[in-house]
Amino acid sequence: MKYLKYFGIAFLVIILDQAVKMLVHYQMDFGTPGQIKVFGEWFKLHYTTNPGMAFGMQLGTEYGKLILTTFRLVAMFGIGYYLYHIIKQKMHKGYIICISMILGGAIGNLIDSIFYGVWLNNAPYNAPSPWFHGQVIDMFYIDIWEGYLPDWIPVWGGSYTALWPIFNVADAAIFVGVAIILIFQGRFFDEKLTDAKTEEVDEIQKQFIEGEEKPSSSNS
């Protein structure tokens, strides 16, 4: 039951992420023409796709997307096993919830990469195969600034870009999970260290008491 509860959090993130992506895909027009203002000019819904990693970065090879998707697949199993491990070790509940959110977000974007090239036919035109080459659907746009970046800026230079990237539910779950871990890491890990020290002290006291009892019993 304890495993189901935390893996259930990851499952809820996946369901919410995929539901929002399907609504955006089937109910919104792509790009600026379909943009919906939610809070003035600074927060909008904007349907776009991301063929690569975070912030639209790509590996730059024909099989770069395949390598990225495979890496995400391996990472998913790694995070899943780690979640199982920390639940078993009875880590801080807040920390376990954060890892559950990160797992859900990772799987959410992985589904896009593996299947959307086939299901939604959104793989790049030059992709070797639609499988494992699907583009991730993004929609939440915090419009802080957008414009043309000069060529001398590394990675993003020479392109029209936005100061804040467009993201999705999966991205938000990963970001929030990591942010909470960084903010509360002292509380998350100190509690586990304190429990470990308490168990160690109890074990030492137990051995000491047993050691004191043995001579007395032999003398009698």
Task: Centroid-centroid distance, Tyr84 to Tyr6, less than 6.0 Å - done: no
Task: Phe43, CZ: over 12 other non-hydrogen atoms inside 6.0 angstrom - done: yes
TODO: Looking only at non-hydrogen atoms, find the nearest pair between Ala106 and Ile79 and report the distance.
DONE: CB-CD1, 4.4 Å
TODO: Show the numbers, then the answer: is there a side chain to side chain contact (heavy atoms under 4.5 Å, CB included) between Trp42 and Ile144?
DONE: CA-CA 6 Å; Trp42 66 272; Ile144 299 175; over 6 Å; no
Task: 4.5 Å side-chain heavy-atom contact, Asn121 and Pro130 - done: no
Open item on the list: With a 6.0 Å cut-off (strictly less than), is the heavy-atom count around CZ of Phe7, excluding the residue itself, greater than 12?
Closed with: yes
Task: Test salt bridge (charged side-chain N to carboxylate O under 4.0 Å, His left out) applied to Lys21 and Asp138, Asp112, Asp171, the passing residue - done: Asp112
- [ ] State, yes or no, whether a side-chain contact exists between Leu45 and Tyr141 at a heavy-atom distance under 4.5 Å.
- [x] no
Open item on the list: Atom NZ of residue position Lys88 - does it have more than 12 heavy atoms of other residues, nucleotides or ligands inside 6.0 Å?
Closed with: no
Task: Gap between atom NE2 of His85 and atom CD of Gln89 - 0.5 Å precision - done: 4.5 Å
Open item on the list: To check you understand the geometry: which heavy-atom pair defines the closest contact between Ala173 and Val13, and what is its length?
Closed with: CB-CG1, 3.7 Å
Open item on the list: Applying the side chain to side chain contact (heavy atoms under 4.5 Å, CB included) criterion to Ile166, which one of Asn50, Ile142, Thr48 satisfies it?
Closed with: Thr48
Open item on the list: side chain to side chain contact (heavy atoms under 4.5 Å, CB included), that's the test. Do Met91 and Phe189 meet it? Break it down for me.
Closed with: CA-CA 8 Å; Met91 295 285 287; Phe189 297 112; 3.8 Å; yes
- [ ] Working to the nearest 0.5 Å, report the span between CD of Gln35 and CE of Met139.
- [x] 13.5 Å
- [ ] Identify the two heavy atoms, one from Trp131 and one from Ile114, that lie closest to each other, and give their separation to 0.1 Å.
- [x] CE3-O, 3.6 Å
- [ ] Please answer: with hydrophobic residues joined when any side-chain heavy atoms are less than 4.5 Å apart, are Tyr82 and Ile87 in the same cluster?
- [x] yes
- [ ] Would you check, one step at a time, whether the test side chain to side chain contact (heavy atoms under 4.5 Å, CB included) holds for Leu120 with Met22?
- [x] CA-CA 10 Å; Leu120 305 182; Met22 290 299 101; 3.8 Å; yes
Open item on the list: Once rounded to the nearest 0.5 Å, what's the spacing between atom CD1 of Ile96 and atom CG of Leu103?
Closed with: 13.0 Å
TODO: Give a yes or no answer on whether the side chain of Thr69 reaches the backbone of Phe132 with a donor-acceptor pair at less than 3.5 Å.
DONE: yes
TODO: Using the test side chain to side chain contact (heavy atoms under 4.5 Å, CB included), find all partners of Gln135 that sit at least two apart in sequence or belong to another chain.
DONE: Thr49, Pro51, Asn122, Pro124
Task: Phe39 atom CZ: more than 12 heavy-atom contacts under 6.0 Å - done: no
Task: Verdict with reasoning, Leu68 to Ser113, per side chain to side chain contact (heavy atoms under 4.5 Å, CB included) - done: CA-CA 9 Å; Leu68 173 61; Ser113 297; over 6 Å; no
Task: Same cluster (ILVMFWY, side-chain, under 4.5 Å), Tyr3 and Ile102 - done: yes
Open item on the list: With clusters defined by side-chain heavy atoms of hydrophobic residues (ILVMFWY) lying less than 4.5 Å apart, directly or transitively, does Met101 cluster with Phe184?
Closed with: yes
TODO: Using the rule that two of Ile, Leu, Val, Met, Phe, Trp, Tyr join whenever any of their side-chain heavy atoms come within less than 4.5 Å, decide whether Val74 and Leu66 are in one cluster.
DONE: no
Task: Separation of Arg72 CZ from Ile67 CD1 (nearest 0.5 Å) - done: 13.0 Å
- [ ] Determine the minimum heavy-atom distance between Ile180 and Cys98, stating which atoms define it.
- [x] CG2-SG, 3.5 Å
TODO: List the atom of Trp119, the atom of Ile111, and the distance in Å for their closest heavy-atom pair.
DONE: CZ3-CG2, 4.1 Å
Open item on the list: Clusters formed by hydrophobic residues whose side-chain heavy atoms approach within less than 4.5 Å: which one holds Phe11, and what are its other members?
Closed with: Ile15
Open item on the list: Working to the nearest 0.5 angstrom, can you tell me the gap between His46 NE2 and Met28 CE?
Closed with: 8.0 Å
Task: Hydrophobic cluster membership, Phe167 vs Leu23, 4.5 Å side-chain cutoff - done: no
Open item on the list: When you compare the side chains of Asn168 and Asn109, does any donor N or O come within less than 3.5 Å of an acceptor on the partner?
Closed with: yes
Task: Rounded distance [0.5 Å steps], CZ in Phe30 versus CD1 in Ile137 - done: 9.0 Å
Open item on the list: So which atom in Tyr47 and which in Asp29 form the shortest heavy-atom distance, rounded to 0.1 Å?
Closed with: CB-O, 3.7 Å
